[in-house]
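Worksheet: the structure to be examined is printed underneath.
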There are 2 protein chains.
Amino acid sequence: MRERADAARNRLRVLAAAERLFGERGVSGVTMDDVAAAAGVGKGTLYRRFTDKGGLAVALLDERERELQQLMLAGPPPLGPGADPVPRLVAFVQAYLQFLERHLDLVLLSETAAPGARLRTGAHAFWRQHCRYLLDRAGAPDADLRADVLLAALSAEQVRHWREDEERDAEGLAGSLAAVVSALARSRPTGRAGA
Amino acid sequence: MRERADAARNRLRVLAAAERLFGERGVSGVTMDDVAAAAGVGKGTLYRRFTDKGGLAVALLDERERELQQLMLAGPPPLGPGADPVPRLVAFVQAYLQFLERHLDLVLLSETAAPGARLRTGAHAFWRQHCRYLLDRAGAPDADLRADVLLAALSAEQVRHWREDEERDAEGLAGSLAAVVSALARSRPTGRAGA
DNA sequence: CGCCGATGTGGACTAGAGTCCGGTTATGTC
DNA sequence: GACATAACCGGACTCTAGTCCACATCGGCG
């Protein structure tokens, strides 16, 4: 027995209530009590399933993330297999930016609810693994560290800053980050950099 | 009248108490009430001076940051003026990593207390300005965005992850990030990236 | 079909961040 | 040196995240 029938029912009710409330009032205008009340369950039930508010966000994002992950693993190039590493990375960056565009509030919540949360989600491990692999295949040194650098630039908070505080347009941002990807993927300097 | 004498006295008492308590029990083991009580002031006084817990961290960090900033502006090369842009950037990265090494808890607090806090401190604006200037002088395209990318990689949370979760040694990290700096500073690809 | 242990449930409770406001004290003026 | 006023002070208060545990419910088993 993995999950009791009533537990499954409540889990779905919580998810549905959370999605509705977040949509209605925005992520920050909803308390955990609100979610519990709207779902018709107690707070204990809520916290039993979802570690904290961030965990709720992670659960809501889960399905959407899977779609993107599936495209990365088995979809058409350049996002999916078949393309060269750098174009695939660029495609990933663009796809991930679009993903953020649609779910920024939720991702922000999932990444900032607890300190260090961003680096601990399963989804993050997936993106990192993918970037590592492609950077390595592109011949970049320190592929794993550079994957982290790339993903740090794609953190919800950073992207929110670029898009909202600095009002950069989505395409310019994607283009600039594509150039960053190319720079990070290059295997070694061809000469002296700088002046 | 800029600051009443009693207010100044209390500000110093709060700072001294906070520094002592943070040192004794660690940043997360100290509540704002603790600080207020130890300083012999009420909570209202505390919050009047320092917006929130993060603001307290910012104030404590302030003096140390100024030292580093001074070295960057007027100290000996390669950190100070005189060296070429890329070596100066590399020196900044190393110096900033050492700064984090000593004050990680406080910086972490200052960056995570409020969402978006990291990008809003005065110190951050300074680092960003410096990196922008040097990247631009190195001929990098999108110098301002790339400065943000570099600083995102140097966020307290990311560096903490590398040093503590992944147990990377400080020198290896500095070396790898120096290579990243060089890659970001390069003006343009020398050929096709990838295959 | 009724018992029993495992699992789930709800809501009172704790804790800590941040707000508010009536009272207090410093500082400039005469 | 007394007054007016603006700044400051303190601690009670609110709000929300997250914990805890006595009780209810499920579902396998005899």
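Labels below follow one simple rule: chain letters A, B, ... track the order of the sequence lines, proteins then strands, and each chain is numbered from 1. What you see is a predicted model; the values in this text were computed from it and never measured.
For the pair B:G54 and A:A7, nearest-nucleotide mapping onto DNA chain C gives the more 5' position to A:A7. Checking B:R13 against A:A113, the closest nucleotide of DNA chain D that is more toward the 5' end is the one next to B:R13. Nearest-nucleotide positions on DNA chain C place B:D52 closer to the 5' end than the other of B:D6 and B:D52.
Atom-to-atom, CG of A:L46 to P of C:dG11 comes out at 13 Å; the value is rounded to the nearest Å.
A donor-acceptor contact shorter than 3.5 Å is absent between the side chain of B:R168 and the backbone of B:W162.
The base of C:dT27 does not come close enough to the side chain of B:R4 for any donor and acceptor atom to sit less than 3.5 Å apart. Side chain A:K43 to base D:dG18: a donor-acceptor pair is found below 3.5 Å.
Side-chain proximity of B:Y47 to D:dG27, C:dG18, D:dC9: nearest is C:dG18. Proximity note for B:K53 (side chain, C-beta onward) versus D:dG10, D:dT19, C:dG18: the nearest is C:dG18.
Taking only side-chain nitrogens and oxygens, A:R49 comes nearer than 4.0 Å to OP1 or OP2 of C:dT9. Between B:T45 and the phosphate of D:dG10, there is a side-chain N or O to OP1/OP2 separation shorter than 4.0 Å.
Heavy-atom distances under 4.0 Å link DNA chain D to no residue of residues 16-24 of chain B. For DNA chain C, the residues of residues 26-37 of chain B within the heavy-atom distance limit of 4.0 Å (strictly under) are B:T31, B:M32, sorted by number.
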